[in-house]
Amino acid sequence: MPRPAVNVAVRAARAAGQIILRYMNRIESLAIVEKQRMDFASEVDRAAEAEIIRELKRAFPGHAILAEESGAQGKGKHVWVIDPLDGTHNYLRGFPHFCVSIGMLENGEPMHGVVYDPLRDELFTASRGDGAYLNDRRIRTSARNDLEGALLTTGFPYRQRAHLDAQIEMTRALLGQAEDIRRTGSAALDLAYVANGRIDGYYEIGLKPWDMAAGCLLVREAGGRYCDFVGREGIPESGNLIAGGHKVVDSIIRTIAPQLTPALAR
């Protein structure tokens, strides 16, 4: 049975998903703000986030919040990390790949996670020690042993273009061994797909906590691993993340090592 915290997060994610779907038929009329260069937020992001926070605070008034749009609220060992619409750029263009991501950290460690794709009604959930699930069906990372034939996914973040040359060289090296690489525009959904074995491995530069918190737990509870670019375990403060099955992650670390700059290895 899902933990109570997951049930609350599921309710919040579904409520946010309804808001996201409701606005889809009038994307052209949405109020959009450019927070920084090529970093957009819409009234949908804000409305969905407000609904998530309302649900979480109703159930856990003493817990802290870290949300993409409204920032940090409160302090404590329990922190809910929220991305109300991961894949905003996709959503605003009508590209059908985005999700709601809600994770709960306890003393910095992910304990509960929900990633919800409202278009496909796919609900990914996990609690520490309980496994990972897609719509109540247990999921596992792929059993691939190396990069040969692997399908990977990544992103080229607009905030980290200073690392673009290094990332292109990493991608070139990985493509020399892997079957192919996708770039979908939603880190949280990418990580959920890794947990479900649809994707064998994932790597990206400069993610934020709300991009990773729920998805990383899904990967770990599905039998996989996540770390930074040199293999240090845990959610990386740098935001430079690798995730996948254990052997695929090891292969990615070895393959990109020659391309890492000192900044990316920190």
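All heavy atoms count here, side chains included; hydrogens, waters and symmetry mates do not. No experiment lies behind these values; they were computed from the predicted model shown. Nothing fancy with the numbering, it's 1 onward along the sequence.
Formation of a donor-acceptor pair under 3.5 Å by the Asn90 side chain with backbone atoms of Phe98 is not found in this model. Here the side chain of Asp86 pairs no donor or acceptor atom with the backbone of Asp211 at under 3.5 angstrom. In terms of modelled atom types and a separation under 3.5 Å, the side chain of Asn240 and the main chain of Gly206 share a donor-acceptor contact. At least one donor-acceptor pair closer than 3.5 Å links the side chain of Glu221 to the backbone N or O of Gly129. No donor-acceptor pair under 3.5 Å is formed between the side chain of Glu49 and the backbone N or O of Ala67.
The cluster map of Ile, Leu, Val, Met, Phe, Trp and Tyr, joined by side-chain heavy atoms under 4.5 Å apart, puts Leu191 and Leu189 in the same cluster. Each of Tyr133 and Met111 belongs to its own hydrophobic cluster when Ile, Leu, Val, Met, Phe, Trp and Tyr are linked at side-chain heavy-atom distances under 4.5 angstrom.
Evaluation of the side chain to side chain donor-acceptor pair (under 3.5 Å) test over residues 171-180, restricted to residues two or more places apart or in two chains, returns Glu169-Arg172, Thr171-Tyr203, Gln177-Thr255, Asp180-Arg182.
Between Asp146 and Ser251, the side chains place no donor N or O within less than 3.5 Å of an acceptor N or O (distance only, hydrogens not considered). For the residue pair Asp190/Thr153, the side-chain donor-acceptor check at 3.5 Å is satisfied.
Across Arg232 and Arg266, no two heavy atoms sit closer than the pair NH2-C, 2.8 Å. The shortest heavy-atom contact between His112 and Ser127 is ND1-OG, 2.8 Å. Closest of all the heavy-atom pairs between Ile253 and Gly231 is CD1-CA, 3.6 Å. Here the shortest heavy-atom pairing between Asp45 and Pro84 reads O-CG, 3.4 Å.
A salt bridge links Glu122 to Arg198: at least one charged side-chain nitrogen sits closer than 4.0 Å to a carboxylate oxygen.
A perpendicular orientation is assigned to the rings of Tyr193 and His97, their planes being inclined by more than 60° (bins at 30° and 60°).
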